[in-house]
Amino acid sequence: MILAMIVAIDQNNGIGKNGDQLAYISADLKRFKELTTGHTIIMGRKTFEALPKGALPNRRNVVITRQKDYKATGAEVVKSMVEAISLCSDDQKVFVIGGGEVYKAFLHEADELYLTEIHHSFDGVDVFFPEYKSLGWKETFRQDNMIDEKTGLTYSYINLKSFGRFDCV
Ligand SMILES: NC(=O)c1ccc[n+]([C@@H]2O[C@H](COP(=O)([O-])OP(=O)(O)OC[C@H]3O[C@@H](n4cnc5c(N)ncnc54)[C@H](OP(=O)(O)O)[C@@H]3O)[C@@H](O)[C@H]2O)c1
């Protein structure tokens with residue numbers, strides 16, 4: 001199983017505000033759909049509850065919560081990161097899709113990061129992606145200088161693969 005994380009971050013690693021995304025860039029949403037369709041997505045209970053139409057179609061949806069007997073229509077529910085990884089161990093590729101608490105829990109297990117870097121500092125950000133740069137990543141793809149016509153935001157796609165995590169053992 002390849003464990004990937006996919007996230008849109010601003011210049012300060014901000015990812016959310018008042019329970020919502022910082023921005024909706026339509027090309028990025030399309031890319032998210034293309035990358036994740038046919039695969040498993042793991043998300044925190046808060047991110048799941050913020051999905052406007054519930055579980056995302058054509059993907060295996062897994063929701064992580066500490067609540068007992070939590071029910072999520074169209075999704076499987078797990079109680080911990082270990083349980084999530086064990087449930088999905090036979091899946092080819094699994095995407096952790098947020099939010100902040102769940103990214104933090106899974107970061108050290110991640111093999112790949114799919115970043116959308118938005119070149120802007122948003123005000124009022126209250127959820128952040130964890131510090132990741134010090135962990136050791138190799139850039140495998142980069143697309144810069146894109147602009148979202150609707151919002152005027154510029155952004156880049158950056159794909160990273162983990163490497164060398166255990167070199168010092
Ligand atoms: N920019 C992006 O790409 C992106 C993507 C996704 C989300 N977001 C944003 O991120 C924000 C939500 O993030 P968040 O950190 O507040 O919430 P979250 O990570 O979506 O969900 C947190 C909840 O997940 C459960 N949980 C988290 N870690 C767990 C663990 N290790 N074991 C068991 N359960 C665990 C807990 O549920 P219980 O309380 O039920 O126990 C916890 O309250 C929103 O603003 C959203 O829009 C941004």
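Ligands are counted one by one from 1 in listed order, and the atoms in each one are counted from 1 as well. Computed from a prediction, not measured in an experiment: that's the story for all the values here.
- Looking at V7 next to ligand 1, no N or O pair under 3.5 Å apart turns up.
- With sequence neighbours left out, the salt bridge (Lys or Arg N to Asp or Glu O under 4.0 Å) criterion links E117 to no other residue.
- Atom 48 (C) of ligand 1 has its nearest heavy-atom neighbour, among V63, D10, I15, in I15.
- Polar contact with ligand 1: absent for G16 (N/O pair, distance under 3.5 Å).
- Comment: E49 does not engage K46 in a salt bridge, judged by the lack of any side-chain N to carboxylate O separation of less than 4.0 angstrom.
- For Y103, the heavy-atom gap to ligand 1 drops under 4.0 angstrom.
- Between R66 and E83 no salt bridge is recorded (no basic side-chain N to carboxylate O distance below 4.0 Å).
- Proximity of a side-chain donor or acceptor of K79 to a complementary backbone N or O of Q67 within less than 3.5 Å is detected.
- Of the protein's heavy atoms, Q21 OE1, 3.5 Å lies nearest to atom 4 (C) of ligand 1.
- Among all non-hydrogen protein atoms, the one lying nearest atom 12 (C) of ligand 1 is T47 OG1, 3.9 Å.
- Among protein heavy atoms, the minimum distance from atom 13 (O) of ligand 1 is reached at G100 N, 3.2 Å.
- Taking OG1 from T40 and CD from E76, the interatomic distance works out to 8.0 Å, rounded to the nearest 0.5 Å.
- Here D20 has backbone heavy atoms under 4.0 Å from ligand 1, and that is the only part of it that gets that close.
- Using modelled atom types, no side-chain atom of D90 and backbone atom of C88 make a donor-acceptor pair closer than 3.5 Å.
- Judged by the shortest distance from any of its heavy atoms, G19 lies inside the 4.0 Å radius around the atoms of ligand 1.
- The closest approach between M43 and ligand 1 stays at or above 4.0 Å for every heavy atom of the residue.
- Taking a cutoff of 4.0 Å between a charged side-chain nitrogen and a carboxylate oxygen, K93 and D91 do not qualify as a salt bridge.
- Under the 6.0 Å distance and 45° angle rule, R31 counts as a cation-pi partner of Y157.
- Taking both residues in full, the closest heavy atoms of I6 and Y103 are given as O-OH, 2.7 Å, listed atom of the first, atom of the second, then distance.
- Grouped by direct or indirect side-chain proximity (heavy atoms under 4.5 Å, Ile/Leu/Val/Met/Phe/Trp/Tyr only), L29 sits with Y24.
- Of all non-hydrogen atoms in M5 and A110, the two that sit nearest each other are CG-CB, 3.8 Å.
- In this structure, W137 contributes its side chain and E112 its backbone to no donor-acceptor pair below 3.5 Å.
- For ligand 1, the polar-atom distance check against N18 finds no nitrogen or oxygen pair separated by under 3.5 Å.
- Side-chain contact between L56 and N61: present, with at least one pair of heavy atoms (C-beta onward) separated by less than 4.5 Å.
- Looking at ligand 1, you'll find an N or O of G99 within less than 3.5 Å of one of its N or O atoms.
- The I97 neighbourhood of ligand 1 comprises atoms 5 (C), 6 (C), with distances under 4.0 Å to a heavy atom of that residue.
- Under 4.0 Å from ligand 1, not a single heavy atom of T116 appears.
- Counting protein heavy atoms only, atom 25 (C) of ligand 1 is closest to I64 O, 3.2 Å.
- On a distance-only criterion, S80 and ligand 1 share no N/O pair closer than 3.5 Å.
- Closest to atom 31 (N) of ligand 1 among all protein heavy atoms lies R66 NH2, 3.6 Å.
- Given atom 1 (N) of ligand 1, the protein heavy atom at minimum distance is A8 O, 2.8 Å.
- Any N or O atom pair closer than 3.5 Å counts here, and D126 shares no such pair with ligand 1.
- Applying the 4.0 Å criterion to heavy atoms of R45 picks out, from ligand 1, the atoms 21 (O), 23 (C), 24 (O), 37 (O), 38 (P), 39 (O), 40 (O), 43 (O).
- Summary of contacts: the protein heavy atom closest to atom 28 (N) of ligand 1 is E101 OE2, 3.4 Å.
- Those atoms of ligand 1 that come under 4.0 Å of a heavy atom in K17, given as number and element, are 45 (O).
- Under a 4.0 Å criterion applied to the non-hydrogen atoms of Q67, ligand 1 contributes the atoms 38 (P), 40 (O), 41 (O).
- A tilted orientation is assigned to the rings of F95 and Y114, their planes being inclined by 30° to 60°.
- Among all non-hydrogen protein atoms, the one lying nearest atom 33 (C) of ligand 1 is K79 O, 3.2 Å.
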